[in-house]
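Below is one structure; the comments refer to it alone.
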There are 2 protein chains.
Amino acid sequence: MAVTIKDIAKKAGVSHTTVSRALNDHPAISKETVGRIKLLAEELDYVPSAAARGLKTNRSLVLGVIVHRIEDPFLTDVLRGIEDTLNPSEYSLFLAATKRDPEREKRVIQAMAERRVDGIIFSSLYIGVQQLRYLKQIDIPIVLINNQTMQDPDVYLVYHQDVEATRQLTQHLVDLGHRKIAYLGSARSGRTNVKRQQGYEEGLEKAGLPLCPEYIISGTTSRPENGINGMNGLLALADPPTAVICYNDMIAIGAIKAITQAGLSVPHDISVAGFDNIDLAQYVTPPLTTFHQPRYQLGQEAAKMILHILQQDKGAQRPDAVVLHGELIIRQSTVSPH
Amino acid sequence: MAVTIKDIAKKAGVSHTTVSRALNDHPAISKETVGRIKLLAEELDYVPSAAARGLKTNRSLVLGVIVHRIEDPFLTDVLRGIEDTLNPSEYSLFLAATKRDPEREKRVIQAMAERRVDGIIFSSLYIGVQQLRYLKQIDIPIVLINNQTMQDPDVYLVYHQDVEATRQLTQHLVDLGHRKIAYLGSARSGRTNVKRQQGYEEGLEKAGLPLCPEYIISGTTSRPENGINGMNGLLALADPPTAVICYNDMIAIGAIKAITQAGLSVPHDISVAGFDNIDLAQYVTPPLTTFHQPRYQLGQEAAKMILHILQQDKGAQRPDAVVLHGELIIRQSTVSPH
DNA sequence: ACGTTTTCTGCACACGTTTGCACGAACTTT
DNA sequence: AAAGTTCGTGCAAACGTGTGCAGAAAACGT
């Protein structure tokens, strides 16, 4: 149905070979022929078939992006960074979510493999080891975002320096005069949570403050309900903290809600800090002190990295990790203790 | 490099034709041969080439999804609905964003056309008419989400009943006793905004309340800043409203902020209602009364619709529109006026 | 005038599948 | 025992491109 280069060839009175070359600006075709054929192609509404081209060239011009949950606002921005970077290029983007479901992960990777994607960006915390092995055996570049699990030479990394971030947050609270600082974590968030907690502990140590086990709460999820529960636990302590650092902004919002419901005020009675600087962090009351993780840039760097790798000869060595640093954002949810 | 059916054929001592048929469970191949070949394929890590198959079958098993902005939380949920529906099927998903940029829109559609997607789901309010014409000339189903712009027989629609929604919201405020109700719109949101404003006006009319022009503010964007600006305008009126219906939750959050900054309280002095029921609507203070638009289902229905169309014979007639109804969610940002 | 180089174009095959048709073998029917 | 039927398999062509090689035509140098 669709018009092919053969149709154009017939109409132009040349061979389909010449048409193919003309459309690809092959130097051996005369300027005049190229112009004539391109014009004709335009007139006939010719659209090249990526399938046929891919079959011949062994390049699909498609990148796979695998995330955990699409609705995660963090991933949303990462995705945007990727999309913006890819859009001007000739690459398109396959998207799929795994949802921590091994069955689904397997299907997704299978689909990407069949489509012969030229590269994969992974932004899911949980990768089945066998699936990764399967991926590696296809010879395409793999970039992992915020996942330092793998110490694998074939895998490229782009991640944010979380340890330093929570260290800065802790420092900020210490500078305000707080001495009783708690950490509200998310056990399901794996390595990321570990890193943030580590930064918190290092921050305390640097300030010469003691590490108090009951000030460290490991909630399960990273959702607001978890902030409510965790905060209620802290409030029930004999000697509650005067400041709380949360694993992320969602939890912080939950924590604020719990504090308010207990009849206390943020930041007057307790200071609360989040992490991620989600869009709405500035609109909640009080506006949230948080750490801005460069989500968009994470996606951007991951995409750039893969494009570089693909444009390079396979031989050339590339840096196999990019570390990004975020920014402490001080708003009104943190003040000096009274 | 990759192993092909010919490799399997050689190893199995049959023709590649037989291998192809065996892998596709063609009835004319003996059970025994099928089993043997499938086992062999597994052993050799055979992965079929979607490009080659697509070339032959004229089906790519890919659906294109075109959105306006990926980071829009509304679209995020729509996307999730689509992805969840597509995932168990054999279809994969191309994602691209247009950003109201005609240049970009053109590129995106061109890419989808080259990839020969089997269908397209459009969830961008702004579609260039020429681009749509271009799309229609390829013979693939097109589903538009929340966009009733087109009255086109070749285009399928899935949308939310916005008029009824704001009518209900208005009714709710009237029931509470409000008589001075304002509407804070978003001019750039096109038809959606028109529909919501229409529902507001119908609600007033039904309650026998007068339509007061200065209570209708048409801000530009749909972001919180716009809510701040618009609300400040309303507060400056000689006779400010006692309740405000906002185009969406983002604007409502902005409006609350403006009211609070003016030294007034929500809902005590002014009631505020949003629209969309975004994730955080329940966590802001006070928790937001809003209208829950079934975002996830919108995506789900769109994807289901396209899958049905593709599985059906082309001839069979399908309903070409699905209308979904949402749900009024009453929280604490709306109370009776004092 | 000829041979040589340069410029342009076409032939034919390849990429990895699917599929209509034909063919041989085994099995059933008369 | 011949004819018809079913079953399982292979041949070859096709899908729409890209590309090495050869070859024709034109331009050049002597």
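Backbone-only engagement by B:Ser30 is indicated by non-hydrogen atom pairs under 4.0 Å involving sugar-phosphate atoms exclusively.
Remark: B:Thr18 is in phosphate contact with D:dG10, judged by side-chain N or O atoms under 4.0 Å from OP1 or OP2. Residue A:Ser20 places at least one side-chain N or O under 4.0 Å from the OP1 or OP2 atom of D:dG18. In terms of phosphate contacts, B:Asn24 brings a side-chain nitrogen or oxygen within less than 4.0 Å of OP1 or OP2 of C:dT18.
One can place OH of B:Tyr46 at 10 Å from P of C:dG16, the figure rounded to the nearest angstrom. A straight line from CG of A:Leu23 to P of D:dT19 spans 13 Å, rounded to a whole angstrom. Rounded to whole Å, the distance from NE2 on A:His26 to C1' on D:dG18 is 10 Å. One interatomic measurement links the two molecules: CD1 of A:Ile29 to C1' of C:dT6, which rounds to 14 Å at whole-angstrom precision. Rounded to an integer number of Å, the gap from NZ of B:Lys56 to C1' of D:dC15 is 5 Å. For the pair A:Lys6 NZ and D:dA14 P, the computed distance is 9 Å after rounding to whole Å. Remark: P of C:dC15 and CZ of B:Arg53 are 19 Å apart, rounded to the nearest angstrom. Per the geometry, CG belonging to B:Asp25 stands 14 Å off P belonging to C:dT19, to the nearest Å.
Mapping B:Ser49 and B:Arg21 onto DNA chain C by nearest heavy atom places B:Ser49 closer to the 5' end of the strand. Both A:Val47 and B:Pro27 sit near DNA chain D, but only B:Pro27 has its closest nucleotide nearer the 5' end.
You'll find a donor-acceptor pair under 3.5 Å spanning the side chain of A:His16 and the base of D:dG18, going by distance alone. Contact of A:Thr17 with C:dC11 (side chain to base): a donor-acceptor pair of N or O atoms is detected under 3.5 Å.
Between A:Glu301 and A:Lys304 there is a salt bridge, since a side-chain N of the basic residue sits under 4.0 Å from a carboxylate O of the acidic one. Looking at B:Asp72 and A:Arg80, no side-chain N of the basic residue comes within less than 4.0 Å of a carboxylate O on the acidic one, giving no salt bridge. Taking the charged nitrogens against the carboxylate oxygens, B:Lys38 and B:Glu42 have no contact shorter than 4.0 Å, which rules out a salt bridge.
Listed for the B:Asp77 side chain is no donor-acceptor partner under 3.5 Å among the backbone atoms of B:Tyr296.
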From CA spacing to verdict: side chain to side chain contact (heavy atoms under 4.5 Å, CB included), B:Arg116, A:Ser49: CA-CA 7 Å; B:Arg116 302 286 193 270; A:Ser49 157; 3.8 Å; yes
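Nearest nucleotide to the side chain of A:Ala28, out of D:dG8, C:dC8, C:dT18: C:dC8.
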